[in-house]
Amino acid sequence: MSDATTTETPALPGDGLREGVVDRMRDALGSSLIDSLVKPGDDVWVRVATDAWREAGRVLRDVVGCEYFCFLSAIDWMPSPYGKGEDDPTQPPPERKTDIVQGYAGGETRMQVFARVTNTDLHFGVTIKADVPDENPVVDSWIPNYAGANWHERECHEMFGIGFTGHPDLRNMYLPTGFEGYPLRKDFPLLARMVKPWPGIADVEPLPDESSEGDATAEGGES
Amino acid sequence: MTSTIDHLDDRQKLSYIAAQAADARLNVELETEGMTLNIGPQHPATHGTLRIICRLDGEQVVWAEPSAGYMHRGYEKLTEVRSFPQVTALVNRIDWLGSFANEVPFILAAEKLMGVEAPPRAQVIRTILFELSRIANVGLFLGDLGVQLGAVTPVFMAFRDREHVLNLIEGATGGRFHPNFDRIGGLYKDLPAGWIAETRLAMKRLRRFCDEMDELLFGNEIFQARLRGIGVIPADVAKQYGLSGANLRASGVDWDLRRDQQLPLSYDKIDWKVWTHPDGDSYARCWVRLQETREATLIVDRLLDILPSGPIMAKVPRIIKVPEGEAWVSTENPLGEMGYYVVSKNDLGPFRCKIRSASFNNVSIVPWVLRGVYVPDVIAILASLYFILGDIDR
């Protein structure tokens with residue numbers, strides 16, 4: 001069996017390499033690269049303009065050399081109006097934060113698409129984000145760049161209601177056709193928690209050796 | 001067309017053209033409307049409930065479309081209403097054959113955000129259990145592969161020897177299938193007495209199992225004929241679709257997340273080998289998996305040699321609150337790259353947790369790879385791609 005290869009551990013990515021990624025993307029995209037963040041020893045995030053989403057993918061593939069497509073998805077930055085679904089239904093709902101705060105590399109809209117691609121030769125990955133317009137949540141499809149984006153965009157369309165221009169077939173993968181609502185948006189309630197209130201702390205049994213000092217033994221003694 | 005017959009003399013040309021014409025006539029006469037063949041949702045080759053709709057022209061598949069979603073459990077939504085320690089109980093149901101391996105990247109992502117690192121002993125035990133889940137998972141694949149190609153014996157051998165691994169996992173964690181053993185900052189419990197000796201014994205048995213499979217299956221002529229040259233995936237296509245794990249390495253891409261990234265796991269402390277194969281066909285995928293299973297037993301053995309003593313839990317607060325930030329951690333799971341993109345808002349649970357599972361990408365290549373293959377090869381290709389339905393739908 002001569003099919004095997006030896007393992008020489010190649011050099012692991014340095015932060016210089018990550019800075020270089022941002023520079024090369026800025027050279028290729030110009031002002032369309034809006035923001036970037038390099039966390040030392042960790043990872044690199046970039047944010048591009050919505051119009052440049054597909055072009056940025058091409059730059060990542062051809063210029064930066066990230067040929068390996070990892071995933072594509074979206075984030076809804078709005079805080080959930082339902083919290084963790086643990087409210088007592090007999091009480092009025094508590095006050096919750098409603099301000100939208102985006103994560104690394106900033107943002108201006110409620111929803112963002114983000115994707116991750118990897119350079120398998122130089123061993124680094126890039127997380128790339130783009131804002132999705134609030135009133136018309138549509139971005140370009142990444143299928144011309146990475147064929148594997150097909151299913152990820154279908155999933156994203158189904159779960160977040162984001163459209164992808166140029167996608168051939170945005171059918172539902174999981175939900176029945178005609179399902180209303182977008183389950184992974186924060187304003188979509190988790191129905192299981194709405195139908196039957198979360199029992200919460202009441203059913204937590206104290207561990208045998210911790211019963212004396214337990215700080216979770218409130219709420220009645222039926223346990 | 002002319003180029004293929006240029007080198008022929010006139011007589012041969014005439015007979016060639018006549019043969020082509022006859023072929024064409026036959027095709028016209030036999031032309032049917034094409035048939036739609038429905039494979040699944042319940043089919044042994046799908047490891048769960050995946051339905052594949054194939055449009056056939058004669059014996060050839062002209063179009064294929066997998067239809068997943070029969071087992072969607074909405075884990076990404078559920079993680080948003082769970083606390084960080086509770087998430088492991090959910091995610092180890094994603095790839096149910098190697099469930100401990102599902103917990104590790106999530107815990108590592110949470111640890112990364114918190115700036116906590118597990119103590120060395122916990123890291124080594126984590127890595128050992130991770131490799132044991134790989135053996136439990138891929139060992140079953142090797143047996144199941146035989147069934148799908150018409151050989152029944154290997155599956156019994158696989159179940160027989162996988163039992164040793166499941167017993168080990170049960171001995172250490174208390175759960176055969178859903179250990180829920182990994183904690184932020186370390187592990188729930190230390191190893192029980194006698195576990196190390198048992199493990200060494202079991203690894204010896206597993207290596208014998210791998211040798212048996214090597215001879216019984218991979219040396220078998222029918223097995224080779226069914227898999228060699230079938231379902232070839234070139235390296236650039238594999239990367240575009242995000243194939244990972246053995247599927248990617250079988251296309252000649254030397255990429256293994258155990259070696260190629262820095263994680264607080266113990267792979268860099270021992271000597272081991274990444275297996276690749278240049279062919280990219282179904283045989284290569286199966287062969288790489290066999291080698292990886294054998295390599296995993298060696299990794300376990302070597303990690304047991306360097307198992308340090310010490311605590312298994314780092315100092316973490318009793319109520320775990322993860323600071324604001326985003327983290328991506330992926331590991332080389334039995335099925336391929338599995339990762340979690342965790343967004344935390346300084347809360348008890350994740351704000352958003354994107355679960356990147358290996359099979360989702362591995363199956364998304366099915367329409368590409370099935371185009372033009374013959375019907376009997378469909379099952380062989382699906383078997384060699386190796387996916388688990390929980391890992392597609394999440």
Side-chain angles (χ1 to χ4, degrees), chain A residues 1 3-7 9-10 12-13 39 41-43 45 61 67-71 73-77 79-80 82-86 101 103-104 114 116-118 120-121 123-125 127 145-152 155 159 169 172-175 183-184 186 188 190 192-193 198 215, chain B residues 67-69 72 74 76-78 80-83 112 236-237 239-244 248 253-256 259-262 268 271-279 284 287-288 291 318 324-328 330 337 339 341 343 345 348-349 351-352 354 356 360-361 363-365 367-368 393:
Chain A
M1 296 268 178
D3 304 303
T5 58
T6 55
T7 48
T9 311
L12 288 159
K39 269 185 118 186
D42 186 0
D43 217 340
W45 283 262
R61 188 193 62 185
E67 289 178 337
Y68 175 80
F69 173 77
C70 189
F71 71 83
S73 188
I75 306 181
D76 182 357
W77 288 106
S80 168
Y82 309 101
K84 287 193 179 295
E86 290 170 357
V101 184
Y104 291 166
F114 73 119
R116 192 179 165 84
V117 289
T118 306
T120 50
D121 299 322
H123 302 175
F124 67 87
T127 306
N145 303 327
Y146 298 97
N150 187 328
W151 279 29
H152 290 258
E155 188 188 21
M159 292 294 168
D169 186 19
N172 279 2
M173 295 189 79
Y174 304 124
L175 303 168
L184 276 181
K186 290 281 182 183
F188 189 94
L190 183 62
R193 290 262 168 115
W198 187 241
D215 52 0
Chain B
S67 155
H72 186 233
E76 287 182 24
K77 187 78 177 174
L78 286 176
E80 290 171 10
V81 296
R82 295 285 198 279
S83 69
K112 196 182 198 178
D236 56 331
V237 177
K239 280 196 210 169
Q240 261 202 21
Y241 276 92
L243 248 64
S244 51
L248 185 66
V253 182
D254 191 10
W255 172 247
D256 193 314
R259 180 197 64 191
D260 296 337
Q261 64 175 353
Q262 272 167 322
D268 51 346
D271 214 23
W272 60 285
K273 191 168 180 172
V274 176
W275 294 85
T276 61
H277 197 293
D279 287 359
W287 184 86
V288 169
Q291 303 307 326
R318 203 187 146 102
E324 190 156 346
E326 297 173 29
W328 161 257
S330 63
E337 178 178 9
Y341 191 91
V343 181
K345 290 266 188 191
L348 297 176
F351 179 78
R352 162 109 172 89
K354 160 72 190 164
R356 191 269 190 212
F360 187 75
N361 282 39
V363 169
S364 73
I365 203 171
W368 186 91
D393 293 349

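Proteins get letters first, then strands, A, B, ... in listed order; numbering begins at 1 in each. Since we're looking at a predicted model, the values are computed, not measured. These numbers come from the heavy atoms of this one structure, side chains and all, not from hydrogens, waters or symmetry mates.
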task: Please state whether the side chain, the backbone, both or neither of B:Val363 comes within less than 4.5 Å of a heavy atom of chain A.
output: both
Part of A:Phe188 lying under 4.5 Å from any heavy atom of chain B: both
message: Contact between B:His72 and A:Met173 at the side-chain level, heavy atoms closer than 4.5 Å - yes or no?
response: no
Top of B:Ser67, B:Gly325, B:Gly74, B:Ala284 for chain A proximity - count of heavy-atom pairs under 4.5 angstrom: B:Gly325
message: Heavy-atom cut-off 4.5 Å, strictly under: side chain, backbone, both or neither for A:Val101 against chain B?
response: both
message: Under 3.5 Å, is there a donor on one side chain and an acceptor on the other for A:Ser73 and B:Arg352?
response: yes
- prompt: Between B:Phe351 and A:Trp77, what is the ring plane arrangement, given parallel below 30°, perpendicular above 60°, and tilted in between?
  reply: parallel
- line: Distance col, row B:Ile365:CD1 vs A:Asn150:CG, nearest 0.5 angstrom, shows 12.0 Å
Segment of A:Asp76 engaging chain B (4.5 angstrom heavy-atom cut-off): backbone
- line: Of the listed A:Phe114, A:Tyr146, A:Tyr104, A:Trp45, the one with the largest count of heavy-atom pairs under 4.5 Å with chain B is A:Tyr104
message: Before you tell me yes or no, could you show the steps for A:Thr118 and B:Trp255 under side-chain contact (heavy atoms from CB on, under 4.5 Å), namely the whole-Å CA-CA distance, both residues' side-chain angles and the distance that decides it to 0.1 Å?
response: CA-CA 11 Å; A:Thr118 306; B:Trp255 172 247; 3.6 Å; yes
field: Contacting region of B:Ser83 [heavy-atom separation from chain A under 4.5 Å]
entry: neither
- prompt: Side chain, backbone, both or neither: which part of B:Glu337 has a heavy atom under 4.5 Å from chain A?
  reply: side chain
- request: Counting only heavy atoms closer than 4.5 Å, note whether B:Lys77 contacts chain A via side chain, backbone, both or neither.
  value: both
message: Return the NZ to OG1 distance between B:Lys239 and A:Thr120, rounded to the nearest 0.5 Å.
response: 3.5 Å
message: Can you tell me how the ring of A:Phe71 sits relative to the ring of B:Trp328, calling it parallel under 30°, perpendicular over 60° and tilted otherwise?
response: tilted
- prompt: chain A: which of B:Glu326, B:Arg356, B:Lys354 shares the most heavy-atom pairs with it under 4.5 Å?
  reply: B:Glu326
- request: Let me know if B:Leu243 has heavy atoms under 4.5 Å from chain A in its side chain, its backbone, both or neither.
  value: backbone
- prompt: Between A:Ser80, A:Gly103, A:Cys70, which has the largest tally of heavy atom pairs under 4.5 Å with chain B?
  reply: A:Cys70
- request: Name the region of A:Asp43, side chain, backbone, both or neither, that has any atom closer than 4.5 Å to a heavy atom of chain B.
  value: side chain
